[in-house]
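So you know, we letter chains A, B, ... as the sequences are listed, proteins then strands, and number each from 1. Note: hydrogens, waters and symmetry copies are ignored here, and every other heavy atom, side chains too, is used.
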Protein chains: 2
Amino acid sequence: MNSQTDFTQRTVEYEILLARFKELLKKNTYKYTIQREVILETLYKSDEHLTPEALHQLIKEKFPELKTGIATIYRTLSLLEDSDMVTSLSFGSQGKKYELGAKEHHDHMICTKCGTITEFVDEAIEERQHRIAEEFGFEMQDHSMQIYGICKNCKKLRFIYD
Amino acid sequence: MNSQTDFTQRTVEYEILLARFKELLKKNTYKYTIQREVILETLYKSDEHLTPEALHQLIKEKFPELKTGIATIYRTLSLLEDSDMVTSLSFGSQGKKYELGAKEHHDHMICTKCGTITEFVDEAIEERQHRIAEEFGFEMQDHSMQIYGICKNCKKLRFIYD
DNA sequence: TTAAATTTTGATTATCTCTATCATTAAGTC
DNA sequence: GACTTAATGATAGAGATAATCAAAATTTAA
Ligand SMILES: [Mn+2]
Ligand SMILES: [Mn+2]
Ligand SMILES: [Zn+2]
Ligand SMILES: [Zn+2]
């Protein structure tokens, strides 16, 4: 199809990701659509953890001519998650947040004051998780870990204002 | 108030818990009500991880004369969670499950096939979590960890039927 | 013990997130 | 380009949780 969508600033890393996505689509006889690509691209360009709603907002702003519906966002996120290309985080009832899972696995530290999310990986923990699953005869598919608390910055602000 | 509610089989542990709850209520000028106590008691007696709906069901069966509304369940669970007396687990969009936080802290291993939840504690992981928070200048309030996968039993069944 | 002040309750409605449906449109195939 | 199939957007529908509000219960202070 013939769109004047601006696909500039594509890095090699993104091209690889996109190729992987197209391959995945082909393998499952799914069709390639601009909506799907735009969703992948927007996730890639954002280093935030996005709610489907926020992602939809971004896409409406950047590609208004597509008139992408919210249903397509949900559908594509599920598709991407099922294929392990994105990961979702659940924080209580505030719904899910998605991020591109193409980066390495990591865990999250979440500030309960300002909502800032810090990512980290700890090999010792990863190692123990596998060990524990093994002990229970459990076939681990996935795992997630969150540390909740007050971030460095909020601690500083609290010191000043409280 | 004058109810014939059956509060038998109260352990000392429960009495302490209840006292703590009453103290909490008083401190915040909240009022003591039978509904609140029954919710605490039912959570205490159940060793399951309960959805608000399941908890409501249990209470309707055990204390039908109270005609406890679902709204009160939600309100009280939020109250208890805010005061760190119960903890909730989020399973994506399938809502939350609650458990009394009075027992020792632990993490969860969740079977994606049958939903069974296995609890565990690993000191090495606990230790690392504190260390990591410290490294980031983060004041940890809480943390949670979930391992998702196929439990021993479901693995066996899969072997037989697949 | 009673009366006043305040909070909580249950019922209900509203909201928010996510899924299902379906007619229309767009991709992939030849 | 025509044919087949899948994807899309709009919208209705579910399910979980929050908000509203009049009635009831609890606490407090006579
Ligand atoms: Mn992340
Ligand atoms: Mn538990
Ligand atoms: Zn913060
Ligand atoms: Zn299982």
The ring pair (Phe, Tyr, Trp, His ring centres under 6.0 Å) partners of A:His143 (sequence neighbours excluded) come to A:His105
Between B:Thr29 and B:Gly69, the residue closer to the 5' end of DNA chain C by nearest nucleotide is B:Thr29
Could you verify whether a donor N or O on one side chain and an acceptor N or O on the other, from B:Glu99 and B:His49, lie under 3.5 Å apart? yes
Nearest whole Å is fine: how far is C:dT17 P from A:Leu50 CG? 14 Å
May I ask you to decide whether B:Lys45 forms a salt bridge with B:Glu41, counting only side-chain N to carboxylate O separations under 4.0 Å? yes
Could you go step by step and tell me if B:Asp107 and B:Glu119 meet the side chain to side chain contact (heavy atoms under 4.5 Å, CB included) rule? CA-CA 6 Å; B:Asp107 295 314; B:Glu119 303 181 335; over 6 Å; no
Between CG of A:Leu25 and P of C:dG28 the distance, given in whole Å, is 9 Å
Please tell me which of B:Tyr98 and A:Ile70 maps to the more 5' nucleotide of DNA chain D, matching each residue to the nucleotide holding its nearest heavy atom. A:Ile70
Measure from CG on A:Asn28 to P on C:dG28 and round the result to the nearest Å. 14 Å
Testing D:dA19, D:dT8, D:dA7 for proximity to the side chain of B:Ala71, the answer is D:dA19
Could you state the NE2-P distance from B:His56 to D:dA16, rounded to the nearest angstrom? 14 Å
Regarding A:Glu53, tell me which of base, sugar-phosphate or nothing describes its non-hydrogen contacts under 4.0 Å with the strands shown. nothing
Taking all non-hydrogen atoms of both residues into account, name the closest pair between B:Cys151 and A:Phe138 and its distance. CA-CD1, 3.5 Å
A:Ile39 CD1 - D:dT8 P separation (whole Å): 7 Å
So which nucleotide from C:dG10, D:dG9, D:dT5 ends up closest to the side chain of A:Lys31? D:dT5
Of the options C:dC18, D:dA7, C:dT8, whose atoms approach the side-chain atoms of A:Tyr30 most closely? D:dA7
Using OP1 and OP2 only, check whether a side-chain N or O of B:Gln35 sits under 4.0 Å from D:dA25. no
Could you check whether A:Arg75 gets within reach of a base, just the sugar-phosphate, or nothing at all, counting any heavy atom under 4.0 Å? base
What is the minimum heavy-atom distance between B:Met85 and B:Leu100, and which atoms define it? O-CD2, 3.3 Å
Does a side-chain N or O from A:Thr33 land closer than 4.0 Å to OP1 or OP2 of D:dT8, or not? yes
D:dA18 phosphate, OP1 or OP2: any side-chain N/O from B:Tyr74 under 4.0 angstrom? no
Under a 4.0 Å N-O cut-off, is there an ion pair linking B:Arg131 with B:Glu135? no
Given D:dA7, D:dT8, C:dT9, which nucleotide is nearest the side-chain atoms of A:Thr72? D:dT8
Could you tell me whether A:Glu13 atom CD has more than 12 heavy atoms of other residues or ligands within 6.0 Å of it? no
What is the separation between atom CZ on A:Arg36 and atom P on C:dT25, rounded to the nearest whole Å? 19 Å
Measure NZ/B:Lys26 against C1'/D:dT26 and give the value in whole Å, please. 12 Å
Please report the distance, rounded to the nearest Å, between CD in B:Gln57 and P in D:dA16. 13 Å
Using five base pairs at each end, measure the axis-to-axis angle across the helix from C:dT1-D:dA30 to C:dC30-D:dG1 and round it to 10 degrees. 40°
